[in-house]
Amino acid sequence: MQLPALGLVLFTFGNVSAADRQKRVFAIKPSGVPYKDLSPEKMVIVDFDGNTVEGNLRPSSDTKTHAVLYKHWENINGIVHTHSTYATAWAQSLRDIPIFGTTHADHLTVDVPCAQPMNDEMIKGDYEYQTGFQIMDHFTERGLSYEEVEMVLVGNHAPFTWGKTAEKAVYNSAVVETLAQMAFLTLQINPEAQKLKDSLIKKHYERKHGPASYYGQ
Ligand SMILES: [Zn+2]
C-alpha cells in the first residue's frame, strides 16, 4: 500500500511479495485488486515453484517471476515490481541508469543494469517465468551480485527491486525511481555529464555499507 502513497504505481499496477524462507512460500498481492482494498486475508500464498497453496484470489500476473527469483536467490525475502515513470522510461530506452552522483553511490557502486529484451521463443513460452531467468542471466553475464545490486530494469518493461525484507524492496523501488529521475535531469542539463569518479563512489558506498560504515544510528 506504500507504492501508490509513494507515487510509484497507478491503479492496480505493480506488485509486492514477502517470503517465509522456513516454509518456502511467499505472500503476494492478488491480481487486479486496488491497493486501497488490500488486507492480509486477500494476500495469496504461493510456493517457490509458483503454485498457490493458500488464498481465494488469483495471485499477481507476475507471480512466476517472483517465484524464480526466490528459488534461486536465497538471501532475498522481498520483491517489488512497479512501472514507475522515470525508471520505466530508462527501461523502455534499453539504457542502464548511469552512476552520476553520490545519491546513486549511497545505494550501489555500478550503473543500474538494464536487462535486454528476451528473445521471441522466451516471450511465446512461459513469459513471466522466463522474466525471472532474463533477470538472473543478466546478472550472471555482467558479474553482478544480487546482494549488492538490489534493482534491475527489464528492457522494454520496467524495474524490479528486491531486498532482505519486503520493506527494503519497497524502499529500493523508490530509490530506483529517484535515481532514474535524477539521471534524466542530469543529462538534460548537461548531455556530456561524466560518471562519478571511483573515489567518490567508494567513499559514499562505504559510508553506508560494510564494516567501516558510519551512516545512521
Ligand atoms: Zn510489469
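Atoms within each ligand, like the ligands themselves, are counted from 1 in listed order.
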Checklist outcome for this item: The residue among Tyr146, Tyr171, Trp73 that forms ring pair (Phe, Tyr, Trp, His ring centres under 6.0 Å) with Trp162 is Trp73
Next on the checklist: Tell me whether Lys208 forms a cation-pi arrangement with Tyr214, defined as NZ or CZ under 6.0 Å from the six-membered ring centre and within 45 degrees of its axis.
Outcome noted: no
Approximate separation, where rounding is to 0.5 Å, of [X] [atom1] and [Y] [atom2]:
| X | Y | atom1 | atom2 | value |
| --- | --- | --- | --- | --- |
| Leu6 | Ser173 | CG | OG | 7.0 Å |
| Met122 | Asp137 | CE | CG | 6.0 Å |
| Leu144 | Ile135 | CG | CD1 | 12.5 Å |

Checklist entry - Between the side chain of Asp20 and the main-chain N/O of Phe26, is any donor-acceptor distance below 3.5 Å? => result no
Checklist entry - How about the Zn ion (ligand 1), which protein N, O or S atoms come within less than 2.8 Å? => result His81 NE2, His83 NE2, His157 NE2
